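Because only heavy atoms are used, hydrogens play no part in the values below, and waters and symmetry mates are left out as well, while side chains stay in. Just so we're clear, the structure is a prediction, and the values are computed from it rather than from any experiment.
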Amino acid sequence: VDLPFGSYQGNSKEALSTQAFQNGNITVFVHNLVRAGKSNAWNELIHTFASPNTDFIFLLDADIRIPETTTLQLVLDRLNQSKTARVAVDESVKDLSEEAHKSTTERLILAASGTAYNTRTAIAGALYCARFEVLKSIWMPIGLPGEDGFLIAMILTSNFTKDENLDCIIFVEGARHIFESMRSIRGVFHHNIRLAIGTAINVLLFKHIRESQSIQKDVSNYIRQR
């Protein structure tokens, strides 16, 4: 549904009761979690709230926009048609790039952004579709600032039991979502610091896992227990 950025924040039930969600065979649930954090919400969704009979699951941030109505179907179809892919991703687009009139600061932010990650080998946590059987074998570390990097590592290596296999991820041409970009140099600076910290913690975590054969036997259970 194409709602302004921030529309979902603070009143999810109201946002999900709009006409777009009332058409077709759609059932909506809102779960309020006591414990904050994206990793915890991910674990609760996959291991508590989602039906065990689920085949594919979309995970989306609430503050993105999906301009084309065909996007989700396209992403799902491509994943379903692939014999090797476990997760499908689309193009992640800054809202700044869609605006005709930009301030000097906004032009500088776009020019300096570059590519934060390779869309063909990484997950943008704002929108992706995955085979549920793959995700239900994964637990995410609570408090991890680099959730997307840890998740894709688990998927590409089958929970660190195999060498990295890039065929596990598929990039879907022609599908995109738009996310709200930072609008100040200070905001970009703090965001990039968080990304750097998240990457560093993941590197240490991956090293810890790979150096322990006992952990590698069941990484997800180790994380769940910890």
Side-chain angles (χ1 to χ4, degrees), residues 33 35-61 72 75-92 115-173 175 194-226:
L33 303 179
R35 190 173 193 175
K38 192 168 185 176
S39 289
N40 179 64
W42 193 97
N43 288 338
E44 291 285 1
L45 170 64
I46 300 302
H47 300 291
T48 303
F49 300 130
S51 166
N53 298 321
T54 300
D55 295 315
F56 299 93
I57 189 163
F58 277 96
L59 290 98
L60 305 91
D61 280 352
L72 297 183
V75 171
L76 176 61
D77 289 346
R78 286 294 307 280
L79 180 58
N80 191 31
Q81 293 162 6
S82 174
K83 295 181 180 180
T84 58
R86 299 174 178 177
V87 60
V89 297
D90 70 337
E91 182 183 6
S92 186
T115 302
Y117 59 89
N118 186 337
T119 54
R120 286 161 173 77
T121 60
I123 284 178
L127 192 159
Y128 60 95
C129 181
R131 298 184 187 276
F132 185 68
E133 64 179 358
V134 173
L135 297 193
K136 69 182 182 182
S137 69
I138 297 173
W139 282 80
M140 297 291 289
I142 301 299
L144 192 68
E147 304 98 342
D148 301 341
F150 182 84
L151 177 62
I152 193 60
M154 291 284 280
I155 292 174
L156 296 183
T157 63
S158 297
N159 297 5
F160 290 92
T161 61
K162 299 178 181 178
D163 292 333
E164 188 177 81
N165 180 9
L166 295 180
D167 289 337
C168 291
I169 184 171
I170 186 170
F171 174 75
V172 182
E173 298 282 357
R194 178 178 173 81
L195 290 178
I197 292 172
T199 299
I201 291 176
N202 277 341
V203 169
L204 292 173
L205 186 54
F206 298 160
K207 183 174 184 289
H208 174 63
I209 291 171
R210 292 192 182 281
E211 288 180 348
S212 173
Q213 291 185 351
S214 62
I215 295 176
Q216 288 182 47
K217 291 179 180 178
D218 193 345
V219 175
S220 283
N221 189 50
Y222 171 76
I223 292 171
R224 182 180 62 82
Q225 291 179 344
R226 292 295 297 268

J.: When you look at F206 and I201, which way does the side chain to side chain contact (heavy atoms under 4.5 Å, CB included) test go after all the steps?
T.: CA-CA 9 Å; F206 298 160; I201 291 176; over 6 Å; no
J.: Would you say the side chain of N221 lies within less than 4.5 Å of the side chain of W139, judging by non-hydrogen atoms?
T.: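 Answer no - side chains too far apart.
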J.: Give a yes or no answer on whether the side chain of S39 reaches the backbone of P141 with a donor-acceptor pair at less than 3.5 Å.
T.: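 Side chain of S39 to backbone of P141: a pair is present.
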J.: Is the backbone of V172 close enough, under 3.5 Å, to the side chain of D90 for a donor and an acceptor to pair up by distance?
T.: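 Side chain of D90 to backbone of V172, a donor-acceptor pair under 3.5 Å: no, none is there.
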J.: Could you give the distance from CE (M140) to CD1 (I46), rounded to the nearest 0.5 Å?
T.: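 Going from CE on M140 over to CD1 on I46, the span is 10.0 Å.
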J.: To the closest 0.5 Å, what do you measure between CG (N40) and CD (E147)?
T.: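 With rounding to 0.5 Å, CG (N40) is 11.0 Å from CD (E147).
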J.: Are any of the side-chain heavy atoms of L76 and L72 separated by less than 4.5 Å?
T.: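 They are not in side-chain contact.
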J.: Looking at T54 and S51, would you say the former's side chain and the latter's main chain have a donor-acceptor pair under 3.5 Å?
T.: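 Present.
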J.: What's the shortest heavy-atom distance between R78 and E173, and which atoms?
T.: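 That closest heavy-atom pairing would be NH1-N, 4.2 Å.
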J.: Report the distance from atom CG of N80 to atom CZ of F56, rounding to the nearest 0.5 Å.
T.: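 These two atoms lie 4.0 Å from each other.
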J.: Answer yes or no: is there a side-chain heavy-atom contact under 4.5 Å between I169 and I155?
T.: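 A side-chain contact under 4.5 Å is absent here.
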J.: Let me see the working for I138 and V219 under side chain to side chain contact (heavy atoms under 4.5 Å, CB included), right down to the final yes or no.
T.: CA-CA 8 Å; I138 297 173; V219 175; over 6 Å; no
J.: Judged by atom type as modelled, is there a donor-acceptor pair below 3.5 Å linking the side chain of E91 to the main-chain atoms of A175?
T.: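 Side chain of E91 to backbone of A175, a donor-acceptor pair under 3.5 Å: no, none is there.
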J.: Side chains of residues 157-166: which donor-acceptor partners sit under 3.5 Å, not counting sequence neighbours?
T.:
{"from": "T157", "atom 1": "OG1", "to": "A153", "atom 2": "O", "distance (Å)": "2.6"}
{"from": "T157", "atom 1": "OG1", "to": "F160", "atom 2": "N", "distance (Å)": "2.9"}
{"from": "S158", "atom 1": "OG", "to": "R86", "atom 2": "NH1", "distance (Å)": "2.8"}
{"from": "S158", "atom 1": "OG", "to": "R86", "atom 2": "NH2", "distance (Å)": "3.1"}
{"from": "N159", "atom 1": "ND2", "to": "S137", "atom 2": "O", "distance (Å)": "3.0"}
{"from": "T161", "atom 1": "OG1", "to": "S158", "atom 2": "O", "distance (Å)": "2.6"}
{"from": "N165", "atom 1": "OD1", "to": "D167", "atom 2": "N", "distance (Å)": "3.0"}

J.: To the nearest 0.5 Å, tell me how far N43 CG sits from K38 NZ.
T.: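 One finds 13.0 Å between CG of N43 and NZ of K38.
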J.: Minimum heavy-atom separation for A88 and V75, please, with both atom names.
T.: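 That closest heavy-atom pairing would be CB-CG1, 3.7 Å.
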J.: Mind listing the side-chain donor-acceptor pairs of residues 124-134 below 3.5 Å, one per line with the distance, residues two or more places apart or on another chain?
T.:
{"from": "Y128", "atom 1": "OH", "to": "W42", "atom 2": "NE1", "distance (Å)": "3.0"}
{"from": "R131", "atom 1": "NE", "to": "A85", "atom 2": "O", "distance (Å)": "2.8"}
{"from": "R131", "atom 1": "NH2", "to": "L79", "atom 2": "O", "distance (Å)": "2.7"}
{"from": "R131", "atom 1": "NH2", "to": "S82", "atom 2": "O", "distance (Å)": "2.9"}

J.: So, for P52 and K136, which heavy atoms are closest and what is the spacing to 0.1 Å?
T.: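 Reported closest heavy-atom pair: O-NZ, 4.3 Å.
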J.: Please tell me if the side chains of I170 and V87 come closer than 4.5 Å, counting only heavy atoms from C-beta onward.
T.: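 Sidechains of V87 and I170: no contact.
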J.: Does I142 reach the side chain of R226, with side-chain heavy atoms less than 4.5 Å apart?
T.: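 Answer no - side chains too far apart.
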J.: Could you name each residue pair satisfying side chain to side chain donor-acceptor pair (under 3.5 Å) that touches residues 199-208, not counting sequence neighbours?
T.: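 The answer is K207-E211, H208-Y222.
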